[in-house]
Amino acid sequence: MTATPKGIAVYGAASNSIDKTYFAAACAVGAELARRGMTVVNGGGSMGLMGATIDGALNAGGKATGVIPRFMKERGWDHTRLTECVVVETMHQRKKTMADLSMGVIALPGGIGTFEEVMEIMTWRQLGLFNGNIVLLDINGFYRPLVELLRHATEGGFMRPDHFEHLFTVTADPAEAVAIACTPPEHHDFSRKF
């Protein structure tokens, strides 16, 4: 029997050129995970919201596991204070390892890499390859266009209504995002989409 992972995967921007509001939310997510005894699992980068989430967790006495491809580690992009650094060979291995170490996912705002991670984990959940809750942390309405695109795909018959309803939850509150991600899916109400 496999033990339940004690981590929550947190996706988010690697950019430092974004509003400070996003950094505050990332730190709050990390700190709240630490308070709950959950390990932050992310891409292990030192910059942007990845780094801020790690800092938030570590500064609150928590743990952070970074999963980083070798080429990124060799370029010095890794966070130097990680509790654990897992070096993998490919981006796909990075995402798979993060999912394997996690019982839920929180998506902070981000760019194309974050979008790709979110879409892949939703696909895995749809296919039964990942069973944790997926939470979009909608700071400043960041994820509203994505949710509307998914709603549009559902209304056009490209996506089943039950998948739209049960693949993800949306909140603007970092503490609530952590609470949802830490809740077993069978005990969670997925109706919140705005």
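Between the side chain of R125 and the backbone N or O of H166, at least one donor-acceptor pair lies under 3.5 Å. Judged purely by atom type and a 3.5 angstrom limit, Y143 uses its side chain to pair as donor or acceptor with the backbone of L108. Within the 3.5 Å criterion, the main-chain N or O of I180 finds a donor-acceptor partner in the side chain of N133. At least one donor-acceptor pair under 3.5 Å links the side chain of D19 to the backbone N or O of T21.
In this structure, T90 has no side-chain hydrogen bond (donor to acceptor under 3.5 Å, both in side chains) partners at least two apart in sequence or on a different chain. E117 meets the side-chain hydrogen bond (donor to acceptor under 3.5 Å, both in side chains) test with no other residue; sequence neighbours excluded. L149 pairs by the side chain to side chain contact (heavy atoms under 4.5 Å, CB included) definition with nothing, not counting sequence neighbours. For D173, the side-chain hydrogen bond (donor to acceptor under 3.5 Å, both in side chains) criterion is met by no residue, not counting sequence neighbours. For N131, the side-chain hydrogen bond (donor to acceptor under 3.5 Å, both in side chains) criterion is met by no residue, not counting sequence neighbours. Remark: A24 pairs with no residue by the side chain to side chain contact (heavy atoms under 4.5 Å, CB included) rule, at least two apart or across chains. For H152, there are no side chain to side chain contact (heavy atoms under 4.5 Å, CB included) partners two or more places apart in sequence or in a different chain.
No side-chain heavy atom of V88 sits under 4.5 Å from any side-chain heavy atom of I68. Residues K95 and E120 are in side-chain contact: their nearest non-hydrogen atoms beyond the backbone lie under 4.5 Å apart. Taking the side chain as every heavy atom from C-beta outward, V135 and E176 never approach each other to under 4.5 Å. Counting only heavy atoms from C-beta outward, the side chains of D78 and M72 never approach each other to under 4.5 Å. Side-chain contact between F168 and M122 is present, with heavy atoms from C-beta onward closer than 4.5 Å. At a threshold of 4.5 Å between non-hydrogen side-chain atoms, the residues V40 and I8 do not count as touching. The shortest side-chain heavy-atom distance between T65 and L101 falls under the 4.5 Å cut-off. At a threshold of 4.5 Å between non-hydrogen side-chain atoms, the residues T39 and L33 do not count as touching.
Across A177 and L137, no two heavy atoms sit closer than the pair CB-CD1, 4.0 Å. The two residues M47 and A14 come nearest to each other via the heavy atoms CB-O, 3.4 Å.
Note on residues 38-55: pairs passing salt bridge (charged side-chain N to carboxylate O under 4.0 Å, His left out), not counting sequence neighbours, are D55-R81. Within the structure, side chain to side chain donor-acceptor pair (under 3.5 Å) pairs that include any residue of residues 41-51 do not occur (at least two apart or interchain). Residue pairs meeting the salt bridge (charged side-chain N to carboxylate O under 4.0 Å, His left out) criterion with at least one member in residues 40-54, sequence neighbours excluded, do not occur. Screening residues 60-70 for salt bridge (charged side-chain N to carboxylate O under 4.0 Å, His left out), with sequence neighbours left out, gives R70-E89.
Through direct or indirect side-chain contacts shorter than 4.5 Å among Ile, Leu, Val, Met, Phe, Trp and Tyr, I112 is connected to no other residue.
Under the 4.5 Å side-chain heavy-atom criterion for grouping Ile, Leu, Val, Met, Phe, Trp and Tyr, F130 is not connected to M91 through any hydrophobic cluster.
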(message) Would R144 and E148 count as a salt bridge (Lys or Arg N to Asp or Glu O under 4.0 Å) here? Give the steps.
(response) CA-CA 6 Å; R144 287 178 184 260; E148 289 310 311; over 6 Å; no
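The distance from atom CD1 of I134 to atom OG of S102, rounded to the nearest 0.5 Å, is 11.5 Å.
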